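For clarity, every value in this text was computed on a predicted model and none was experimentally measured. Just follow the structure's listing: the first ligand is 1, and inside any ligand the first atom is 1.
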Amino acid sequence: AKNDGRNITRFFTKEMNAKLQQNKEILADLIKSLTQGHFELYYQPLFTIDNNTLVGAEALIRWHHPEKGMIPPDVFITIAEQSGLIHELGDWVLAQACREVKRFLSAGILAIRIAINISPVQFRRKDFVSNMLRILQEQDVSPGFIELEITEGAVMDNVDEAIITMQNLKDAGFQLAMDDFGTGYSSLSYLKRFPIQKVKIDRSFIAEIENDIDSKSIARAIIHMGHSLGLKVLAEGVETQEQLQYLYAEQCDYVQGYFTGRPMPANDFLKKFTIVT
Ligand code: C2E
Ligand code: CA
Ligand code: CA
Ligand code: CA
């Protein structure tokens with residue numbers, strides 16, 4: 001038994017070393033890709049739930065690895081966060097979203113806003129707000145065209161400081177959304193203190209609407225309590241007509257998901273939503 005224990009230890013150590021080595025390689029590739037332009041933003045349309053009006057898009061990063069092909073964000077965002085590269089990557093995301101929102105606007109796709117994901121690591125940086133504003137100024141885009149999606153993890157470890165940052169962002173003209181709502185440890189009592197405009201119900205609840213009575217109740221509770229706090233509510237990950245119908249009946253405001261539109265390259269988004277007159 002003693003021997004087994006040692007083997008298990010050695011086994012895990014080996015696994016962990018392999019993982020570390022792999023992450024180091026990914027990081028080196030990430031750095032290379034950032035200078036060589038191997039990243040792209042996909043855009044997933046956001047609609048009003050009642051009359052299907054396009055109100056914006058969420059920008060989702062894609063990495064075209066030169067040898068390994070497409071690598072999903074879940075794999076590399078954590079590595080970028082741990083290494084600090086997320087700051088450069090996040091700057092690129094904002095600048096790219098600005099360049100593309102200008103293309104959308106000049107194609108006549110009006111009254112839209114681009115939502116971008118903000119890592120907690122970016123959000124907590126002292127010069128976060130001024131850095132964002134600098135990029136917008138360079139790109140000559142007004143903050144009103146950008147919505148920032150922040151997660152509970154970004155704000156809960158220092159709520160007071162986070163509120164100041166959120167207020168500064170709001171004062172600058174950004175829209176703010178609480179992403180993945182319901183999965184973290186935040187509560188509606190905190191939500192009341194946050195100067196945000198929108199909550200996004202996490203897609204794990206939406207996926208279970210038809211099968212799980214608790215998820216159904218949670219989705220409904222978030223919609224109703226969000227409204228009572230004066231917030232708009234978006235349901236993400238809507239994949240079926242049934243889910244959409246339930247959310248419509250509960251008066252959810254916005255919808256995002258494979259059912260209404262998958263994430264797509266900027267050119268496809270342009271083609272799909274430019275109204276030819
Ligand atoms: P998220 O912010 O919750 O983004 C929504 C994710 O759900 C996206 O995955 C999207 O493709 C996926 N999705 C949308 N509709 C559906 C649906 O109907 N069904 C299912 N099963 N999935 C749906 P994606 O693009 O792989 O992104 C994963 C996560 O990576 C994002 O989760 C976000 O946390 C992070 N991420 C993506 N882009 C960025 C970025 O530019 N910066 C940062 N910091 N994080 C990003
Ligand atoms: Ca998001
Ligand atoms: Ca989300
Ligand atoms: Ca998520």
**OP:** Could you please spell out the steps behind the side-chain hydrogen bond (donor to acceptor under 3.5 Å, both in side chains) verdict for Lys200 and Gln256?
**Re:** CA-CA 10 Å; Lys200 300 186 74 171; Gln256 169 182 11; 2.9 Å; yes
Subject >> side-chain hydrogen bond (donor to acceptor under 3.5 Å, both in side chains) between Gln243 and Glu239, intermediate numbers included >> reply: CA-CA 7 Å; Gln243 292 163 357; Glu239 293 184 352; 5.5 Å; no
Original post:
For Tyr190 and Met156, what are the C-alpha separation, side-chain angles and deciding distance, and is it a side chain to side chain contact (heavy atoms under 4.5 Å, CB included)?
Top reply: CA-CA 9 Å; Tyr190 274 113; Met156 290 310 288; 3.4 Å; yes
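With atom 18 (O) of ligand 1 as the reference point, the heavy atom nearest to it among Phe123, Phe259, Tyr258 is part of Tyr258. Across the listed options Glu149, Gln243, Glu239, Glu239 owns the non-hydrogen atom lying nearest to atom 21 (N) of ligand 1. Of the candidates Pro73, Ser119, Ala97, Pro72, it is Pro73 that places a heavy atom closest to atom 30 (O) of ligand 1.
Those atoms of ligand 1 with a heavy atom of Gln44 less than 4.0 angstrom away are 14 (C), 15 (N). Listed by atom number, the atoms of ligand 1 under 4.0 Å from Asp180 heavy atoms are 3 (O). Contact atoms of ligand 1 toward Val93: 41 (O) (distance under 4.0 Å to a heavy atom of the residue). Against a heavy-atom cut-off of under 4.0 Å, Glu58 is close to the following atoms of ligand 1: 2 (O), 4 (O). Here is the list of ligand 1 atoms found below 4.0 Å of a heavy atom in Leu60: 4 (O), 8 (C), 10 (C), 11 (O), 25 (O), 37 (C), 38 (N). For ligand 1, the atoms closer than 4.0 angstrom to any heavy atom of Pro263 are 11 (O). Those atoms of ligand 1 that come under 4.0 Å of a heavy atom in Gly257, given as number and element, are 15 (N), 18 (O). Ligand 1 places these atoms under 4.0 Å from at least one heavy atom of Asp179: 2 (O).
At a heavy-atom distance under 4.0 Å, only side-chain atoms of Arg62, from C-beta outward, approach ligand 1. At a 4.0 Å heavy-atom cut-off, ligand 1 touches Val238 through the backbone alone. Looking at Ile61 against ligand 1, both its backbone and its side chain come within 4.0 Å, counting heavy atoms. The residue Leu41 has no part lying near ligand 1, judged by heavy-atom distances below 4.0 Å.
Using bins of under 30°, 30° to 60° and over 60° for the plane-to-plane angle, the ring pair Phe273/Phe269 lands in the tilted bin. Taking the six-membered ring where the residue is Trp, His64 and Tyr42 present tilted rings, their angle falling between 30° and 60°.
Here Glu236 reaches the Ca ion (ligand 3): one of its N/O/S atoms is less than 3.0 Å from the metal. Among the atoms of Asp180, no N, O or S atom is found under 3.0 Å from the Ca ion (ligand 2). Among the atoms of Asp179, an N, O or S atom falls under 3.0 Å of the Ca ion (ligand 3).
Rounded to the nearest 0.5 angstrom, Gln245 CD and Ile49 CD1 are separated by 10.0 Å.
The pair Asp160-Arg193 meets the salt-bridge criterion, with a side-chain N (NZ, NE, NH1 or NH2) lying under 4.0 Å from an Asp/Glu carboxylate O. In this structure, Lys126 pairs ionically with Glu161, as a charged nitrogen and a carboxylate oxygen lie closer than 4.0 Å.
Between Asn131 and Gln122, every side-chain heavy-atom pair lies at or beyond the 4.5 Å cut-off.
Side chain of Ser33 to backbone of Leu30: no donor-acceptor contact under 3.5 angstrom is found.
For the pairing with Lys198, the salt bridge (charged side-chain N to carboxylate O under 4.0 Å, His left out) check across Glu147, Glu58, Glu149 returns one residue only, Glu147.
Between the Ca ion (ligand 2) and the N, O or S atoms of Glu149, the shortest distance is to OE1. Per residue Glu58, closest N, O or S atom to the Ca ion (ligand 2): atom name OE2.
Other residues, nucleotides and ligands contribute over 12 non-hydrogen atoms within 6.0 Å of the CD atom of Glu88.
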